[in-house]
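The structure appears right after this line, and notes come after that.
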2 protein chains.
Amino acid sequence: MKLENPTGTALYSIEKAIKEYRKLAQKNITKVVKDITIDQCLVLIILNDNQNISQKELANLVFKDNASITRMIELMVKKQYLNRTIHLEDRRKFNLEITNKGITTLELMKPVIKINRKTALDGLSLEEIALLNKTLNKIIANCKK
Amino acid sequence: MKLENPTGTALYSIEKAIKEYRKLAQKNITKVVKDITIDQCLVLIILNDNQNISQKELANLVFKDNASITRMIELMVKKQYLNRTIHLEDRRKFNLEITNKGITTLELMKPVIKINRKTALDGLSLEEIALLNKTLNKIIANCKK
DNA sequence: GAAATTATATTGATATATCAATTATATTTG
DNA sequence: CAAATATAATTGATATATCAATATAATTTC
């Protein structure tokens, strides 16, 4: 039995790598903030950098569909990480805004996120990482065709 | 706004790559078999190669926890892709067995799976793929520490 | 060999994923 | 400008993810 990679394709390794990273990341983030998931964390990071983003754009960036992001946002509003107000120019849209609690929480998580990434990529040279990115981008482009 | 990679880390690219691949794979598999997911497909592939595997081992190989695999198997039994019988030597366990329908379905999907993988890895040299695997395995090992 | 521990799997609760259908608003077209 | 089309987001249904608690069986320990 091929224990590490039962399919024998690099695509399995890609999935395994991200699953292991998510496990590590979630474990460490939970240590500092109890009620947040790494996906919610990514939402905060992206909203922090991109004020005027729509739910649809946000969904794309965090790899979710509109339905999922709707429910995630609902929950994050309920937990007071986000505010949601109607978009004046296009009333189909909403403005998404991080609350003060959201910002505080993000600041609390930032060092943990940094350590997580460092841990995952430990021992990899810059060249190796660049090559990894390049290869992954090729795969992404191939799948989108 | 960094559109392709808002976090600037290779880990985001890893996630993006596998998500794009899963989309492609699911789309093409649905064309030949309506009621199966790529995860169920992976379960069939693994069970086909490993007769005497426990649910726990299976769960590990497909990156799921025991609860998820229990429900997946229930569903696959209901859809008649699998049979489940009590394990005589260890009565906590079950024997998982692909049905004839499961085997037929798998044969139907095999060429599609092959094409999907080829599509995703198109234009990558063997060396590039080997290096990708090597780097990913380092990341996997780092996360497990 | 009975009690304590460990292992396998299930169940319940809640969140998320996904698809299809729907609602509300904007935009385009004739 | 009204009708048709397109877009943003929501809702419903069902499957899956995840954690904690539980049930059952096997193994270990004394």
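Quick note: numbers below take in every heavy atom, side chains included, and nothing from hydrogens, waters or symmetry partners. Proteins come first, then strands; the chains are lettered A, B, ... in the order of their sequence lines, and each starts at number 1.
A salt bridge is absent between A/Glu74 and A/Lys78; no separation between the charged side-chain nitrogens and carboxylate oxygens falls under 4.0 Å.
Here the P atom of nucleotide D/dT10 and the NZ atom of A/Lys93 are 13 Å apart, to the nearest Å. Regarding A/Lys79, its NZ atom lies at a distance of 13 Å from the P atom of C/dT14, rounded to whole Å. Separating the CZ atom of B/Phe94 from the C1' atom of D/dT24 is a distance of 10 Å, rounded to the nearest angstrom. Between B/Asn60 atom CG and C/dA7 atom C1' the separation is 13 Å, expressed in whole Å. A straight line from CG of B/Asn66 to P of C/dT8 spans 9 Å, rounded to a whole angstrom. Atom pair A/Leu88:CG and C/dA24:P shows a separation of 19 Å (rounding to whole Å applied). Distance CD1 (A/Ile38) to C1' (D/dA17): 12 Å, rounded to an integer number of Å. For the pair A/Asp65 CG and D/dA15 P, the interatomic distance rounds to 17 Å; values are reported in whole Å.
OP1 or OP2 of D/dT10 sits under 4.0 Å from a side-chain N or O of A/Thr70. When the side-chain nitrogen and oxygen atoms of A/Gln40 are compared with OP1 and OP2 of C/dT16, one or more of them lie within a distance under 4.0 Å.
Using modelled atom types, one finds a donor on one side chain and an acceptor on the other under 3.5 Å when comparing B/Ser13 with A/Asn133. Donor-acceptor pairing under 3.5 Å is lacking for the side chains of B/Lys134 and B/Asn137. Side chains of B/Tyr81 and B/Asp35: a donor on one and an acceptor on the other come within 3.5 Å.
For B/Gln55, taking side-chain heavy atoms from C-beta onward, the closest of the listed nucleotides C/dA9, D/dT11, D/dA9 is C/dA9. Relative to the side chain of B/Arg71, the nucleotides C/dT18, D/dA15, D/dT18 differ in distance, and D/dT18 lies closest. Comparing C/dT18, C/dT8, D/dT18 against the side chain of A/Ala67 picks out C/dT18 as the nearest.
Looking at heavy-atom distances under 4.0 Å, B/Asp90 makes contact with sugar-phosphate atoms alone, never a base. A/Ile69 comes within 4.0 angstrom of no nucleic acid atom, judged by non-hydrogen atoms across all strands. Backbone-only contact: A/Arg91 has heavy atoms under 4.0 Å from sugar-phosphate atoms and none from a base. Residue-level contact check: B/Arg84 touches the backbone only, with heavy atoms under 4.0 Å from sugar-phosphate atoms and none from bases.
The residue among B/Glu89 and A/Lys19 whose nearest nucleotide of DNA chain D lies closer to the 5′ end is A/Lys19. If you find the closest nucleotide of DNA chain C to A/Lys78 and to A/Phe63, the one lying nearer the 5' end belongs to A/Lys78.
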### Task
Go through B/Lys110 and B/Asn48 one step at a time and tell me if the side-chain contact (heavy atoms from CB on, under 4.5 Å) criterion holds.
CA-CA 12 Å; B/Lys110 268 184 181 170; B/Asn48 198 42; 4.0 Å; yes

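Checked by distance alone, A/Arg92 brings no side-chain donor or acceptor within 3.5 Å of a matching partner on the base of C/dA26.
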